[in-house]
Amino acid sequence: MPLAFIIGTAGSGKSFFTAALSEWLKMSKQDVAVVNLDPGALKLPYSPDVDVRNYVDVGDLMEKYCLGPNGALIMAADLIADEVENLTRDIESTNADLVLVDTPGQMELFAFRASGPYIVNELTRDPKVLIYLFDAVFSINPLNYVSNMFLSAAVYNRFFQPQLHVLSKCDLVPKNDVKAITDWSASPMALENAIEEKLEGTKRIFSRNMMKAINQLGMKFLLMPVSSKTNEGMINVNTVLERVLTGGEKYTT
C-alpha cells in the first residue's frame with residue numbers, strides 16, 4: 001500500500017490536487033484512499049477516508065489551552081506524531097492499493113518540525129514518495145522559481161524520500177509561461193538566461209548563485225504541468241508515480 005504525500009507552500013493547491021488526482025485514479029479503476037493530515041482544515045474538496053481531525057482538532061486545542069490559531073497549529077503538528085499508530089491502523093483498514101496523503105496547508109508545520117519526518121517514516125512501512133507542488137502563478141518570476149527550488153531541496157533534505165515535482169494551477173497562467181517554467185526545470189542554461197534577463201542587482205546575483213549551488217548537489221526539478229481543474233497532466237503524474245512506487249506496474253491488479 002504505497003503512500004504519496006502531497007506537499008507544497010500555502011496556496012499551492014495541495015488539497016485540490018489531492019482531490020483531482022484521487023478522482024482521476026478512481027475513474028481509471030484504481031483503488032485509492034485519501035488521508036487528510038491537516039488538523040486545521042475547515043473545509044476539504046474531497047471526503048477523506050482517514051482524517052487526522054478525528055484525533056487532533058485545532059479548535060479543541062485553542063479552547064483547552066487558550067492558544068491562538070498559530071500556537072494551536074504548532075501543538076497539533078506535534079500531537080499528530082502521537083497518533084501514528086491509530087492513523088496507520090485506519091490507513092491499513094482501507095485496503096487501498098494507493099494512498100494519497102494531503103499534508104497541512106502551512107508547509108513549515110509539517111516539513112520543518114521534528115514530527116514531520118517521524119510521521120512520514122512511521123506511517124505504515126510501505127513505500128513512500130513526496131509530490132512537491134510548484135505554484136505556477138508564483139513561479140512565473142525566476143526569483144520566485146529559484147526560491148521554490150530552494151524550498152523543494154530543503155524538503156528533500158528533511159525527508160530523504162523519492163520526490164516528484166509538479167507545476168500546479170497551470171490553467172491560471174498563459175501557456176507560454178507554463179512552457180517557460182518547465183523549460184527552466186529541464187535546462188539550467190534556460191533558467192540562468194531568464195535570471196540574467198529579468199532580474200537585476202542583488203536579486204540576480206543571489207538567484208544565480210542559489211541555482212548553481214542546488215545544481216551542484218545534483219538535484220533535478222523536472223516539472224510536470226498539471227491542472228486540478230481540467231485534469232491536464234494527471235496521466236503523466238500517474239505514470240511517474242507507478243514507475244517510482246511499483247516499478248511501472250498498476251497499483252490495482
Side-chain angles (χ1 to χ4, degrees), residues 3-28 32 34-38 41 43-46 48 98-111 116 128-156 158-159 161-186 191 194 214 219-245:
L3 282 73
F5 293 82
I6 290 81
I7 191 167
T9 55
S12 59
K14 295 184 290 296
S15 294
F16 282 103
F17 174 78
T18 302
L21 180 57
S22 171
E23 289 304 311
W24 188 91
L25 289 166
K26 289 175 182 177
M27 287 190 294
S28 302
V32 59
V34 180
V35 177
N36 169 47
L37 211 58
D38 187 349
K43 188 176 181 180
L44 294 169
Y46 56 83
L98 174 66
V99 179
L100 301 180
V101 183
D102 185 17
T103 63
Q106 292 177 291
M107 183 177 73
E108 63 273 20
L109 294 176
F110 182 71
K128 288 140 185 168
V129 65
L130 268 62
I131 303 177
Y132 186 93
L133 269 55
F134 280 61
D135 184 336
V137 177
F138 177 74
S139 299
I140 289 175
N141 185 308
L143 176 68
N144 295 343
Y145 175 80
V146 173
S147 298
N148 232 335
M149 285 178 64
F150 178 79
L151 285 172
S152 182
V155 166
Y156 179 76
R158 291 288 295 158
F159 294 98
Q161 296 284 351
Q163 190 163 304
L164 313 182
H165 301 93
V166 164
L167 186 64
S168 63
K169 299 157 64 172
C170 285
D171 54 287
L172 298 181
V173 300
K175 292 290 185 183
N176 60 318
D177 287 328
V178 172
K179 184 180 185 306
I181 299 169
T182 53
D183 286 347
W184 298 345
S185 76
L191 177 56
I214 293 171
M219 299 194 69
K220 303 295 183 183
F221 294 90
L222 291 174
L223 289 172
M224 294 175 282
V226 162
S227 167
S228 299
K229 182 177 180 180
T230 67
N231 282 341
E232 175 190 353
M234 291 298 177
I235 189 170
N236 295 328
V237 173
N238 183 55
T239 298
V240 177
L241 275 177
E242 287 179 341
R243 185 167 70 242
V244 172
L245 292 172

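In this text, all values refer to a predicted model and were calculated from it rather than measured experimentally.
- Between Asn236 and Met224, the shortest heavy-atom contact is O-SD, 3.7 Å.
- The distance from the OH atom of Tyr145 to the OG atom of Ser152 is 9.0 Å, given to the nearest 0.5 Å.
- What you find for Ala19 and Pro45 is that their closest heavy atoms are CB-O, 3.6 Å.
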*asked:* Is there a side-chain contact (heavy atoms from CB on, under 4.5 Å) between Ile235 and Trp24? Walk through the geometry before answering.
replied: CA-CA 9 Å; Ile235 189 170; Trp24 188 91; 3.8 Å; yes
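- Here the straight-line distance linking atom OG1 of Thr18 with atom CD of Glu23 works out to 11.5 Å at 0.5 Å rounding.
- What you find for Ala194 and Pro142 is that their closest heavy atoms are O-CG, 4.0 Å.
- Few gaps surround NZ on Lys26; more than 12 heavy atoms of other groups in view lie less than 6.0 Å from it.
- No side-chain donor from either of His165 and Ser185 sits under 3.5 Å from a side-chain acceptor of the other.
- When all heavy atoms of Thr9 and Leu151 are compared, the closest pair comes out as CG2-CD1, 3.7 Å.
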*How far apart are the C-alpha atoms of Val129 and Gln161, what are their side-chain angles, what is the distance that settles it, and do they pass the side-chain contact (heavy atoms from CB on, under 4.5 Å) test?*
CA-CA 6 Å; Val129 65; Gln161 296 284 351; over 6 Å; no
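- No more than 12 heavy-atom neighbours from other residues, nucleotides or ligands sit within 6.0 angstrom of CZ on Phe16.
- For residues 128-145, the salt bridge (charged side-chain N to carboxylate O under 4.0 Å, His left out) pairs, not counting sequence neighbours, are Asp135-Lys169.
- Here the CZ atom belonging to Phe134 is positioned 12.0 Å from the SG atom belonging to Cys170, to the nearest 0.5 angstrom.
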Which side-chain N or O atoms in residues 98-110 pair as donor and acceptor under 3.5 Å with protein atoms at least two apart or in another chain?
unit_1	atom_1	unit_2	atom_2	d
Asp102	OD2	Ser15	OG	2.6
Asp102	OD2	Tyr46	OH	2.7
Thr103	OG1	Ile6	O	2.6

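- Annotation for Val34 and Ser22: closest pair CG2-OG, 3.4 Å, computed over non-hydrogen atoms.
- Shortest non-hydrogen contact noted between Ile181 and Ala136 is CD1-O, 3.8 Å.
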*asked:* Could you walk me through whether Leu191 and Val146 satisfy the side-chain contact (heavy atoms from CB on, under 4.5 Å) test, starting with their C-alpha distance in whole Å, then the side-chain angles of each, then the deciding distance to 0.1 Å, before giving a yes or no?
replied: CA-CA 9 Å; Leu191 177 56; Val146 173; 4.2 Å; yes
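- Here the straight-line distance linking atom CG of Asp171 with atom CD of Glu232 works out to 8.0 Å at 0.5 Å rounding.
- In this structure, Ser228 contributes its side chain and Ala20 its backbone to no donor-acceptor pair below 3.5 Å.
- Once rounded to the nearest 0.5 Å, the distance linking CE of Met149 with CD1 of Ile214 reads 4.5 Å.
- Taking CZ from Phe221 and OH from Tyr132, the interatomic distance works out to 9.0 Å, rounded to the nearest 0.5 Å.
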*Steps toward side-chain contact (heavy atoms from CB on, under 4.5 Å) verdict (Leu21, Leu241)*: CA-CA 11 Å; Leu21 180 57; Leu241 275 177; 4.3 Å; yes
